[in-house]
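In what follows, a structure is listed as structure tokens, so that the remarks can point back to it.
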Amino acid sequence: MAPTFYHYLPVPMDLKVQQDPERCRWWLPALVLALLAAVVALSAALGIFVHKAHSPACLEGLRAEQECHSATSVLQRQLSRAQEGMRQTETQAARCNHTVANLTALLEAAKAKDLQKQVEVKELQGEILQLNVKLQDSWAQVERLRKENSALRDQHSGAQAGAASSRGAAAPLLLGLGLAAALLGAPGGSCWQVHLAGTSGC
């Protein structure tokens, strides 16, 4: 059996509305009621929101929020200042550490120089002690030589004094003998006189 094709021509909307007036009448009031209900609901929600927004609790919360924001801004500024101060302190601490390191190095160098000077002073003290010992030995030797020289001078002067006294004692004796011989008329009187005169003619 061959298929049968049914073709319906499009019907205008005016004709549909005219054909179904009952349905159109019900749909419009429903839409209007829905819009009114939505408006009423939004108005009620807005009224509730406005009422809550102007309530003391909400105002207190808003005030607390503003105070919190102001306190937060103050704390933020203080934190920024504290961070800046901490950065400056860290910079100063780094400079101080560098200065301390330099001073420590200088102190160590000064200690090394001090120890070297102490060693040199000890060496000089040892040399001074040795020189003092040598000086004392030299003074002792000089004193000994002076005493020996004084003793030699005393001996020499004593010897010269003894020779002079012996010569002085012999001369009057010879003179006396010569005079005695001359007075006695001895034949050898002239020889004694000549001997006393310092000649050897007899």
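Salt-bridge check for R63 with E60: passed, with a basic side-chain N closer than 4.0 Å to an acidic carboxylate O.
Listed by chain and number, the hydrophobic cluster partners of L36 are V32, where partners are ILVMFWY side chains within reach of under 4.5 Å, directly or through others.
Here the CD atom belonging to Q88 is positioned 11.0 Å from the CD atom belonging to E90, to the nearest 0.5 angstrom. With rounding to the nearest 0.5 Å, the separation of CZ in R144 from CG in N149 is 12.0 Å. Atom CG of residue L106 and atom NZ of residue K113 lie 9.0 Å apart, to the nearest 0.5 angstrom. Separation of atoms NZ (K111) and OG1 (T104) is listed at 9.0 Å; rounding is to 0.5 Å. Rounded to the nearest 0.5 angstrom, N132 CG and S138 OG are separated by 11.0 Å. How far CD of E67 is from OG1 of T72: 11.0 Å, rounded to the nearest 0.5 Å.
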- Check step by step if side chain to side chain contact (heavy atoms under 4.5 Å, CB included) holds for E148 and L145. CA-CA 5 Å; E148 290 179 357; L145 291 174; 3.9 Å; yes
* List the steps and the verdict of salt bridge (Lys or Arg N to Asp or Glu O under 4.0 Å) for R87 and E84. => CA-CA 5 Å; R87 283 193 292 268; E84 183 66 25; 2.6 Å; yes
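Within 6.0 Å of CZ in R95 there are 12 or fewer heavy atoms belonging to other residues, nucleotides or ligands.
For residues 121-143, the salt bridge (Lys or Arg N to Asp or Glu O under 4.0 Å) pairs, not counting sequence neighbours, are E143-R146.
Proximity of a side-chain donor or acceptor of N97 to a complementary backbone N or O of A93 within less than 3.5 Å is detected. Judged by distance alone, with hydrogens and angles left aside, the side-chain atoms of S150 form no donor-acceptor pair with the main-chain N or O of K147 at under 3.5 Å.
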